[in-house]
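Have a look at the structure below before the remarks.
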Amino acid sequence: MYDPSKKIRLLMELRRAGINDTAVLSAVESVPRDMFVPDAFRDRAYEDTALPIACGQTISQPYVVAFMTAALELQRRMLVLEIGTGSGYQTAVLSPLVRRVYTIERQRDLLKEASARFKELKLTNVVTRFGDGFKGWPEVAPFDRIIGTAAAPVVPMNLVKQLTEGGMMIIPIGLTGNQTITRVIRRGDSFEASPLMPVRFVPMLDGTEG
Ligand code: SAH
């Protein structure tokens, strides 16, 4: 059974690890992570660790989700694009913080399950798309913020172009074994990139499956 003290412990761990944005912490508190992990891992849902989900993918570590969410410096009116819905956990953490979250997933089965969770949790400001996130979502662009939850080998220029001027993307950049969460700010036809934290993510892949 779900034990609320586990979630409180996780929130304390996040604070201790340096997450002090109270809006981000309450967003994490509002999301039942146990709904986003496979049954076999339910008792570990509130451990600060990444866990396997279907299709060989992972639900990100809560600390990394909180870190990336805080790094986005979100404001209520913002439109956010997420590449890599996966379980939908990061999407659900973003949902209470902004106007709308557009999220793209390339594995049809994962997107189906995540969409069912959004419906059950009544996250009515989440819009999903099955597709290749490298293409972005040109019909809705520009976005104030973009978050990548899979690692791209280099900064994807196609996504930079879908940011507002001065808009920000937080995304792991690099090849497996050498990835860095990076802050990318759009400046006209170019961008500024700053490394934030070394990480391990699954790779962003071309095309779709399922
Ligand atoms: N935010 C997710 C993390 C899932 S792992 C969570 O918290 O559960 C990263 C996800 O990115 C995987 O589901 C993978 O299928 C997806 N992905 C990889 N490349 C992609 C692409 N080009 N477009 C869309 N999704 C992609």
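As the structure is a computational prediction, the values presented were derived from the model and not from experiment. Heavy atoms only: backbone and side chains are in, while hydrogens, waters and symmetry mates are out.
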Give a yes or no on whether Arg187 atom CZ has more than 12 heavy-atom contacts from other residues, nucleotides or ligands under 6.0 Å away.
yes
Hey, does Ile59 have a side-chain heavy atom less than 4.5 Å from the side chain of Pro38?
no
Interatomic distance, OG1@Thr149 vs CD@Glu82, rounded to 0.5 Å, equals 5.0 Å
Stepwise side chain to side chain donor-acceptor pair (under 3.5 Å) test for Glu105 and Thr208
CA-CA 8 Å; Glu105 172 57 55; Thr208 56; over 6 Å; no
N-O pairing of Lys112 and Asp109 below 4.0 Å:
no
Taking atom types as modelled and ignoring hydrogens, do the side chains of Asn125 and Ser95 form a donor-acceptor contact shorter than 3.5 angstrom?
yes
Cation-pi, Phe130 ring and Arg106 (6.0 angstrom, 45 degrees)
no
Other residues, nucleotides, ligands: >12 heavy atoms within 6.0 Å of Glu120 CD
no
Nearest 0.5 Å, please: how far is OG1 in Thr58 from CG in Leu51?
9.0 Å
Working for salt bridge (Lys or Arg N to Asp or Glu O under 4.0 Å), residues Glu47 and Arg33
CA-CA 10 Å; Glu47 288 180 19; Arg33 192 169 185 257; over 6 Å; no
Worked verdict on Glu139 versus Arg129 for salt bridge (Lys or Arg N to Asp or Glu O under 4.0 Å)
CA-CA 12 Å; Glu139 301 86 342; Arg129 166 181 271 192; 3.3 Å; yes
Is any side-chain heavy atom of Arg186 closer than 4.5 Å to a side-chain heavy atom of Thr164?
no
